[in-house]
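First up is the structure itself, then whatever we jot down about it.
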Number of protein chains: 2
Amino acid sequence: MSKVVLPSQPETTILAETFRLLGDSTRLRILFFCLEAPRSVGDIAASLDLSQSLVSHHLRLLRGARLVRGNRQAKQIFYELADKHVSDMLVDMAHHVCEESGDD
Amino acid sequence: MSKVVLPSQPETTILAETFRLLGDSTRLRILFFCLEAPRSVGDIAASLDLSQSLVSHHLRLLRGARLVRGNRQAKQIFYELADKHVSDMLVDMAHHVCEESGDD
DNA sequence: TAGACATATGAACAAGTATTGATATGTTTG
DNA sequence: CAAACATATCAATACTTGTTCATATGTCTA
């Protein structure tokens with residue numbers, strides 16, 4: 001039941017770009033870190049032991065794909081996941097990986 | 001509620017590798033094509049206008065990550081998604097992309 | 001305004017990877 | 001066994017991309 005619809009070409013491209021962005025350990029770590037609470041760039045860099053520059057570069061990509069969103073608070077900018085879609089998906093995928101069950 | 005758990009380092013690696021594999025349009029097209037029904041390598045190549053070699057290379061990667069599974073049927077090998085986890089996730093993500101709703 | 005602090009950007013390099021073309025392995029049929 | 005068909009592998013190339021270092025932009029305080 002519930003016929004599956006093939007994504008159109010532009011949809012496939014967007015989907016692939018989203019997955020590609022998620023397909024990097026550094027970015028994933030940043031995302032999961034910001035999943036718990038909004039984090040400043042400096043906090044991300046320090047906590048994850050990454051250079052400030054690298055974090056900023058990755059945040060730019062994540063921002064561009066609307067995966068995260070930043071709010072300026074005086075000098076610092078706090079980043080959080082863009083919406084519930086993104087966070088839910090991340091949590092779901094993490095569960096899938098943890099389970100690693102073959103149900104066939 | 002429902003506290004979110006940060007994935008451990010090996011889990012993050014596996015997760016990133018999975019996402020990275022999904023982050024390529026060609027592989028996504030192959031996956032969605034095999035989502036509808038088990039497909040032979042030749043069928044995939046012809047239908048998606050890809051070289052047989054390229055399809056085989058990609059299938060090897062997808063096989064390695066247990067995203068697809070192949071069954072030999074005489075000369076041909078029919079590939080299908082490895083399990084319901086994978087197909088559900090693909091369908092879910094496709095929906096997310098199609099919706100593109102900001103719910104905040 | 002100057003200086004300190006926080007983040008962003010630009011250029012350059014190294015490493016990874018998608019794609020191609022040629023060839024090898026494996027399977028069936030004559 | 002040989003020829004034909006289907007898939008897999010190997011080597012080489014072009015391209016993408018993660019990371020670093022240096023520098024620029026933006027923000028607050030003395």
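Proteins come first, then strands; the chains are lettered A, B, ... in the order of their sequence lines, and each starts at number 1.
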### Message
Judged by each residue's nearest nucleotide on DNA chain C, which is more toward the 5′ side, A:S40 or B:L50?
### Response
A:S40
### Summary
What one should report as the nearest heavy-atom pair of A:F78 and A:S40 is CD2-N, 3.5 Å
#### Entry: Pairing residues for B:F19 by the ring-ring contact (aromatic ring centres under 6.0 Å, His included) criterion, not counting sequence neighbours
A:F19
How many Å lie between [atom1] on [X] and [atom2] on [N], as a whole number?
| X | N | atom1 | atom2 | value |
| --- | --- | --- | --- | --- |
| A:N71 | D:dT27 | CG | P | 14 Å |
| B:L22 | C:dA18 | CG | P | 12 Å |
| B:Q76 | D:dA4 | CD | P | 19 Å |
| A:R39 | C:dA6 | CZ | C1' | 18 Å |

Excluding sequence neighbours, so at least two apart, what forms side-chain hydrogen bond (donor to acceptor under 3.5 Å, both in side chains) with [X]?
| X | value |
| --- | --- |
| A:D24 | none |
| B:S87 | none |
| A:D49 | none |
| B:T13 | none |

#### Entry: Set of side chain to side chain contact (heavy atoms under 4.5 Å, CB included) partners for A:A65, sequence neighbours left out
A:L21, A:L67
### Message
Roughly what angle, to 10°, lies between the helix axis at the start of the helix from C:dT1-D:dA30 to C:dG30-D:dC1 and the one at its end, five pairs per end?
### Response
20°
### Query
B:D88: what forms a salt bridge (Lys or Arg N to Asp or Glu O under 4.0 Å) with it, not counting sequence neighbours?
B:K84
### Message
Suppose we screen for salt bridge (Lys or Arg N to Asp or Glu O under 4.0 Å). Which residues come up paired with A:E80, at least two apart in sequence or across chains?
### Response
A:R69
Let me have the donor-acceptor pairs involving side chains of residues 54-62 of chain B, under 3.5 Å, with sequence neighbours excluded, atom names and distances please.
residue, atom, partner, partner atom, Å
B:H58, ND1, B:R27, NH1, 3.2

### Query
What one-letter contact string describes nucleotides 25-30 of chain C from 5' to 3', where B marks a base within less than 4.0 Å of any protein heavy atom, S marks contact via sugar-phosphate atoms alone, and - marks no contact?
-SSS--
### Query
Reading nucleotides 8-19 of chain D 5' to 3', which nucleotides get B (base under 4.0 Å from a protein heavy atom), which S (sugar-phosphate only), which -?
BBB------SSS
### Task
Please say whether the positively charged group of B:R39, taken as NZ for Lys or CZ for Arg, lies over the ring of B:F33, i.e. under 6.0 angstrom from the six-membered ring centre and within 45 degrees of the axis.
yes
